[in-house]
Visitor: 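Handing you a structure now.
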There are 2 protein chains.
Amino acid sequence: MNHDAPTLAVSTVIFALRANEAQTKDSGETSAATLWLPLVRRIREPFEGRWALPGGPIGASESLGDAAARNLLETTSLTSRYLEQLYAFGTVDRSPSQRVVSIVYWALVRPDEAERATEGENVRWFAADDLPELAFDHNTIVEYALWRLRNKMEYSRIAHAFLGERFTLTQLREVYEAVLRKPLDPANFRRQIESTNSVVATDERLAGGRHRPPRLYRYNESFGLADNGPLPVT
Amino acid sequence: MNHDAPTLAVSTVIFALRANEAQTKDSGETSAATLWLPLVRRIREPFEGRWALPGGPIGASESLGDAAARNLLETTSLTSRYLEQLYAFGTVDRSPSQRVVSIVYWALVRPDEAERATEGENVRWFAADDLPELAFDHNTIVEYALWRLRNKMEYSRIAHAFLGERFTLTQLREVYEAVLRKPLDPANFRRQIESTNSVVATDERLAGGRHRPPRLYRYNESFGLADNGPLPVT
DNA sequence: GCAAAAGTGTTCTATGTACACCCATGA
DNA sequence: TCATGGGTGTACATAGAACACTTTTGC
């Protein structure tokens, strides 16, 4: 046990939205989708057998963000549309054996990608608001990541990171509703989104639905998803 | 040079407000105070002789925030009224010799405290918007800290961390004006602050001024300075 | 034609902003 | 009494919330 140099690690909270099962009219479902995240099972002490956030050491020639992205790729074979540093956790007692400082990132992936995601004996997806007791302080970390996600959803355009190239405004609204856990007025939501100019209407419509086919939109690439200020790019 | 384990360090951006010199009516001054921060001179390579943010290694039995507070105390003999983690900087090339990951905090101290602050050959205060070329990526870090401070000033109550126990609403407004670098309407500012209930009027007034003595207020302790979500306390 | 989602219009309220105006004190 | 910052009143602009209403499709 080395008391002088804390071990440094990177972990990542990876969020995806998964559509809920078909809802009957009298079901208790409040939104069309739920937040999910992948966890890995620890295969050694401490906390052997418990579920934990994917993570690991930082390579000699990769930046912190690179390490998080590699992390994401290795555990889920996914790349993310949004990756941001969350926080550095470094209380003395967060790991029972050795002193560990974890720099945690959070990422958003698209559901169609998440479908292809690896799942196996030691990687499993969980509903974000119904997690088991995790290793280390990882329950706290996920809670904080959820808080950041919900906050940022209200003043940024990160919702788009959950969607594909083309989407309807109802789909976009359902992303907001699922993350914020409250219904939004479709009429007002439409106007608010349109007034930001963050989406561009296409000529296409989404056919195959039961009713009037909604117009498809695409993201206005001249907007960044979020304004993180004068941070260096990586 | 060890390629496998990056060195871990904590640095702190310490902000204080210093009142500007008496302003003549036709002076170009736009606000009554300016942001200052203390820097330390590097006494060895790399960047020997350059100014840098105070910082150092993390003790075995202190959390990251503790390390930042100790840091602050050692370089300025001050304790801060507000201390928050800023960001972890970890690009590969930010230090020429060895790989260093810096977890940076930012702090606010009161001007009356800052008066007592240590200053010497190797510690000096600089105006935040007029810094020399600093060691490492510290110019970038200060810019980001300024961006965070200005952002947070708009939706939090951190301005109070710059003031003493009792203050007038004009003093509070001058804090906002100095940080945000724009004049605010005194009438509207007063109403906005009062509507948040973050301040409580006292019976006292500030005598000795040239004109009508303004009422003194104190901070409403039932409000936190900022809502940083479900983060662990230290 | 009917049900239901897509999409538009209208009203009400809260909040921010500009600025006129009165008040109280020191010199 | 006058200059000046302290403090109040008021009117206008803008943004958001609530909700009635029209449109367009599948069945």
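The sequence lines fix the lettering, A, B, ..., with proteins before strands; numbering per chain opens at 1.
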Visitor: Applying the side chain to side chain contact (heavy atoms under 4.5 Å, CB included) criterion to A/Val13, which one of A/Leu37, A/Leu146, A/Leu108, A/Leu149 satisfies it?
Guide: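 One option only clears the test, and that one is A/Leu37.
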Visitor: Determine the sole option in A/Val200, A/Leu163, A/Leu225 for which the side chain to side chain contact (heavy atoms under 4.5 Å, CB included) test with A/Tyr219 is passed.
Guide: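 Single side chain to side chain contact (heavy atoms under 4.5 Å, CB included) partner of A/Tyr219 among A/Val200, A/Leu163, A/Leu225: A/Leu225.
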Visitor: What nucleotide among D/dA17, C/dA18, D/dA18 has an atom nearest to a side-chain atom of A/Asp185?
Guide: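 Nearest nucleotide to the side chain: D/dA18.
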Visitor: Kindly compute the distance separating CG (B/Leu17) from CZ (B/Arg110), expressed to the nearest 0.5 Å.
Guide: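 Here the interatomic distance stands at 13.0 Å.
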Visitor: Any base atoms under 4.0 Å from A/Thr170, or only sugar-phosphate, or nothing? Heavy atoms, all strands.
Guide: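 Here A/Thr170 touches the backbone only, sparing every base.
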Visitor: Measure from the side chain of B/Arg173, starting at C-beta and using heavy atoms only, and say which of D/dG6, D/dA18, D/dG9 lies closest.
Guide: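 Selected nucleotide (nearest to the side chain): D/dG6.
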Visitor: I want to confirm an ordering. Mapping A/Asn188 and B/Pro214 to their closest nucleotides on DNA chain D, which one lands closer to the 5' end?
Guide: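 Going by which nucleotide is closer to the 5' end, it is B/Pro214.
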Visitor: Looking at DNA chain C, which of residues 201-212 of chain A put a heavy atom within less than 4.0 Å of it?
Guide: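 Correct list: A/Arg205, A/His211, A/Arg212.
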Visitor: Calculate, to the nearest 0.5 Å, the distance between atoms OG1 and CG belonging to A/Thr168 and A/Leu172 respectively.
Guide: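 The distance works out to 8.0 Å.
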Visitor: As a test of reading the structure: which of C/dA18, C/dA24, D/dT8 is closest to the side chain of B/Ala187, going by heavy atoms?
Guide: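 Nearest to the side chain of B/Ala187 among the choices is D/dT8.
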Visitor: Mind checking whether B/Phe136 and B/His138 have parallel, tilted or perpendicular rings, split at 30° and 60°?
Guide: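 B/Phe136 vs B/His138 ring planes: tilted.
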Visitor: Given D/dG6, C/dA18, C/dA6, which nucleotide is nearest the side-chain atoms of B/Arg190?
Guide: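 From the listed options, D/dG6 comes nearest.
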Visitor: What about A/Arg191, does its side chain sit under 3.5 Å from the base of C/dG9 through a donor-acceptor pair?
Guide: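 Donor-acceptor pair under 3.5 Å: yes.
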Visitor: Please identify each residue that fulfils salt bridge (Lys or Arg N to Asp or Glu O under 4.0 Å) with B/Arg81, with sequence neighbours left out.
Guide: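 By the salt bridge (Lys or Arg N to Asp or Glu O under 4.0 Å) rule, B/Arg81 matches no residue at all.
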